[in-house]
Every structure is written in structure tokens, then in C-alpha cells.
Amino acid sequence: MFKNKSEKNKKNKTMSAAMSFIILFGIVSLFSDMTHEGASSIRGSYLSLIGASAGTIGFVSGLGEMIGYSMRYIFGKITDRTGKYWTMTIVGYVLDLIAVPALTFVGEDGWILACILLVIQKMGKAIKKPAKDTIMSFAATQEGIGKSFGIQEMLDQIGAFLGPVMLYIVMLFKTSVTTFEIYSLCFATLAIPAAITIILLMITKYRFPNPEKFEPTSKEYIPFRIENNFIKYIIGISFFAFGFMDYSIIIMHISRSFASISGAFAEGSSLINSGSIPLLYAGAMLVDAVAAIVFGHMYDKIGVKALVYSTIVSATFPIFIFAVDSEKAMIVGIILWGVGMGAQESILKAAVTSMVPKASRATGYGVFECSFGLFWFLGSWILGVLYDTSIIIMIIVSVISQILAIPFYLSVNRLKND
């Protein structure tokens, strides 16, 4: 009797430690996202300002995403082989974060160096992501996989909201200098959350040097094997990623619509104006945070079916954004897009934890990230081409591609229940 009580207390203590780790690691992500999402909100305009053409920006952005996602499989395998979870995470974070404030020093004609820094940042993300997600998965198995990834995504997206807002405030008050100097100041300001991220990351490592102990199993390396349910899952998320376009296309369309629609958009009482457009992304990130928590809890109760519901809710976002010339419809569309992002960053990752053994999970995350990133890039590229050709066809392709993921999610759910 006393022994069982002691074991129960010990388990509760372990779960409490796991949740402490999840929250602390989530705060690390919060400040990290303040840094690179803040940069994302102004990077395109900055590159154009310092001499990069639209074609160059598109090519380098696409190249960075391709490198950032395709290399995750390789770094995932390295992480599994070596077991150096913290080493890979820290190295990746440092590269990712240093590249952002370094944009301050590229000079007024330094677009080539700026593009190189962009690729370096994506490489940093490629190094850290499989190791970071695997570390999170160890603690998540103790506290509920969906809930744990949902909490991390919520904190992550709070940072994604605060970063652009912080830069908006800097731009609002710093008006007596040139545009280039304002942008340089913004990137320099992002060094603050970047430094806080590194400090908190080292504190987290010091407090939890062996997070793999949250999920005790054999230390023997088990080669990654692609099972039938994982294949179906990867096909499903690839369809979803292909149809779930990048935000750059959305904000480009909204900016053009804002410039061309003279009715409600031109009125001072309208919901969207030239000053509020940059804040739309921040709002989408808040929706993302709430959706991550809701669907994360749902995943713990009903499993992969939660992805079906989130896809049904979010798949229609292109209709509201691109088919209706209304600012209210655009806002609804952005909210639905934010719901899809929340599901993507929480339960999509949670499902990998459920399907892949601990010893080869970093490789599993590498396969997941590589496939998702590849098809998201291809989808955004093709949907961007269709935007200039036929917006109606673009909307149809986007919605149908997302909906096609649902049969594969249901198939995975059946396989898991058999």
C-alpha cells in the first residue's frame, strides 16, 4: 500500500517536471519567434529597399525554405544516431537567431549578404527542428501529446504576435530618419529577444540536461522504418501542405486589394487600412495560438480525427480571402488560415510522436518536416503562378488539395484502431 502511494507520488512529481519543461521550452520558443517572425514581417520590404528584385526575393526565399526543410531529414538522422539532442538544438538556435540582427550591418546595397544571411537562418532551423521537436515529444508523452504541443505552439505564437507588434511600435515612433535606418534599427532591436532566447535555452538545458529520461526506453538505436500508417499520414499532410498557401501570397493580395478598392477600404472607419495591414499577421498568430490549444486537447481525446475537423474548418480560407471583395470576408479568411496554422504546428507534430518510436523519432520528424516543407513550397509556388493566371482556379486547387488530405487522415485513424 505504502509502496504504491510512493510510486504514485513519484509519478506525479515526474509529470510536474515534464510540464515545467514544456512551459519553459515554450517560453524559449516565444522569444525565438519574436525574433524571426518579427523579421519576417519586414524582411521582404527590406530586401527590396537594399536592391533585391522581386524575382531574387522569391528565388532566395524559396531556396531558403527548400534547404531549411530538405535538410531536416539529414539532421534528424544525425540526431538519432548521436543522441546529441541539446547540441543540435543549441547550434541550430544560435545560427537561426544570429542571422536576424546581423541584417542590421549589411549596408544600403548589401542585398547579396542579406540573402546569404536568410539562407543561414533557414539552415539553423533545419539543424534545430528535428532535435527540438524530439526533445518536446519526450516530455509530451508524460502530459498528453496534443495538449503539450498545443501549449508550446500557443507560447510560440504569442511571440509571433509580439515580434511584429514590437517592430510596428519602433516604426511608429522613429520617423525622423531614413527608411533604411528605420529598418536597420528594427533588426537591431530584434537582438534583444534573440539574446533572451539563448539565455533561456541554456537555463533550460541546465535544469533538464537529459530530457529523454521523461520517456524511458531502451538506449539501443532502432533504425527508422516507414510503416503503412506513417506513409498514409505523410501523403495526407503533403496534400494539406500543397493547398495551404504561404502567407506572403495572402498579404500580397490584401495589399493589392487595399490599393485598388476605393469603397470601404478607403474610408477612415474601415477595419483594414495602410497602417493596420502589417498587424494582420500578428492577429493570425493569435488565432493560431488559440487553435493550437483547442485542437491539441481534441487530439488527446479523439486522435487523428482532430486533423479532420481542423481541415474542414480551415480549408475554405481561400474563398473568403480571394473570392469576396470585402474586408470582413478577408478577416474571416485570415482567421481560418490561422486555425490551419495552429493545427499544423500542434497536432500534426503530435501525431508523429504517436507513430514513431522514441529511438528514431528525430528521423521521423525529419521525414515529416521535409515532406511538409517541400509540398508547402511547391504549392505556394504553383498557387502563386495560378494567382496571376486565374484566381478561381487557384482557389479550387487550394481547397481541393486540403480536402484530399482527409481520407488519408481517416485511413491512419482506422489503422491505429485495428
Side-chain angles (χ1 to χ4, degrees), residues 32-71 92-127 160 163-195 197-198 246-256 258-259 274-275 277-282 377 380-381 384-385 387-388:
S32 174
D33 256 41
M34 280 188 69
T35 306
H36 57 71
E37 295 297 355
S40 295
S41 68
I42 62 171
R43 185 187 290 117
S45 300
Y46 182 66
L47 289 173
S48 178
L49 180 67
I50 60 178
S53 66
T56 299
I57 294 171
F59 174 78
V60 173
S61 297
L63 177 64
E65 292 295 336
M66 286 289 287
I67 292 174
Y69 278 99
S70 62
M71 294 297 290
Y93 262 113
V94 170
L95 283 177
D96 179 15
L97 294 169
I98 286 180
V100 172
L103 289 166
T104 305
F105 307 106
V106 299
E108 295 191 44
D109 298 312
W111 64 270
I112 295 177
L113 178 56
C115 290
I116 292 172
L117 288 171
L118 175 60
V119 174
I120 290 173
Q121 185 206 357
K122 297 300 182 182
M123 179 61 74
K125 294 187 76 170
I127 294 171
V165 170
M166 180 176 69
L167 296 192
Y168 173 77
I169 293 172
V170 170
M171 290 180 166
L172 196 63
F173 288 97
K174 197 70 175 178
T175 57
S176 59
V177 294
T178 66
T179 303
F180 173 77
E181 289 172 332
I182 290 174
Y183 278 117
S184 294
L185 177 62
C186 285
F187 286 117
T189 302
L190 291 175
I192 298 172
T197 302
I198 299 299
D246 190 80
Y247 189 76
S248 59
I249 298 175
I250 295 173
I251 198 63
M252 175 197 67
H253 174 75
I254 292 175
S255 298
R256 289 184 180 182
F258 175 79
S274 59
I277 284 179
L279 298 179
L280 291 176
Y281 183 74
F377 166 66
S380 292
W381 178 27
V385 172
Y387 179 89
D388 290 327

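None of these values were measured; they are calculated from a predicted model.
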Nearest heavy-atom approach of I182 to M171 is CG2-CG, 3.7 Å
With side chains defined as the heavy atoms from C-beta onward, is the minimum distance between P164 and M34 less than 4.5 Å? no
Any pair with a residue in residues 92-101 that passes salt bridge (charged side-chain N to carboxylate O under 4.0 Å, His left out), sequence neighbours left out, goes on the list, sorted by first then second residue, please. D96-K128
Examine distances only and state if a side-chain atom of E181 and a backbone atom of T178 form a donor-acceptor pair shorter than 3.5 Å. yes
For I120, give me all partners under side-chain contact (heavy atoms from CB on, under 4.5 Å), at least two apart in sequence or on another chain. L95, A99, I116, L117
Evaluate the criterion side-chain contact (heavy atoms from CB on, under 4.5 Å) for residue pair K122 and M71; output intermediate values, then yes/no. CA-CA 10 Å; K122 297 300 182 182; M71 294 297 290; over 6 Å; no
With sequence neighbours left out, write down each residue that passes side-chain contact (heavy atoms from CB on, under 4.5 Å) with I169, or none if nothing qualifies. V165, F173
What distance separates Q121 CD from I98 CD1, expressed to the nearest 0.5 Å? 12.0 Å
Could you give the side-chain donor-acceptor pairs of residues 101-113 under 3.5 Å, partners two or more places apart or in another chain?
unit_1	atom_1	unit_2	atom_2	d
T104	OG1	P101	O	2.8
T104	OG1	S184	O	3.3
T104	OG1	A188	N	3.0

Nearest atoms (heavy-atom pairs only) where L167 meets A39: CD1-N, 4.4 Å
Let's go through I192 and M166 carefully: what are the C-alpha distance in whole Å and the side-chain angles of both, what is the deciding distance for side-chain contact (heavy atoms from CB on, under 4.5 Å) to 0.1 Å, and is it a yes or a no? CA-CA 11 Å; I192 298 172; M166 180 176 69; over 6 Å; no
If you look only at pairs with a residue in residues 176-195, which of them pass as a ring pair (Phe, Tyr, Trp, His ring centres under 6.0 Å), with sequence neighbours excluded? Y46-Y183, Y46-F187
Can any side-chain N or O of T35 pair as donor or acceptor with the backbone N or O of A194 at less than 3.5 Å? yes
What are the two closest heavy atoms between L190 and G38, and how far apart are they? CD1-C, 4.1 Å
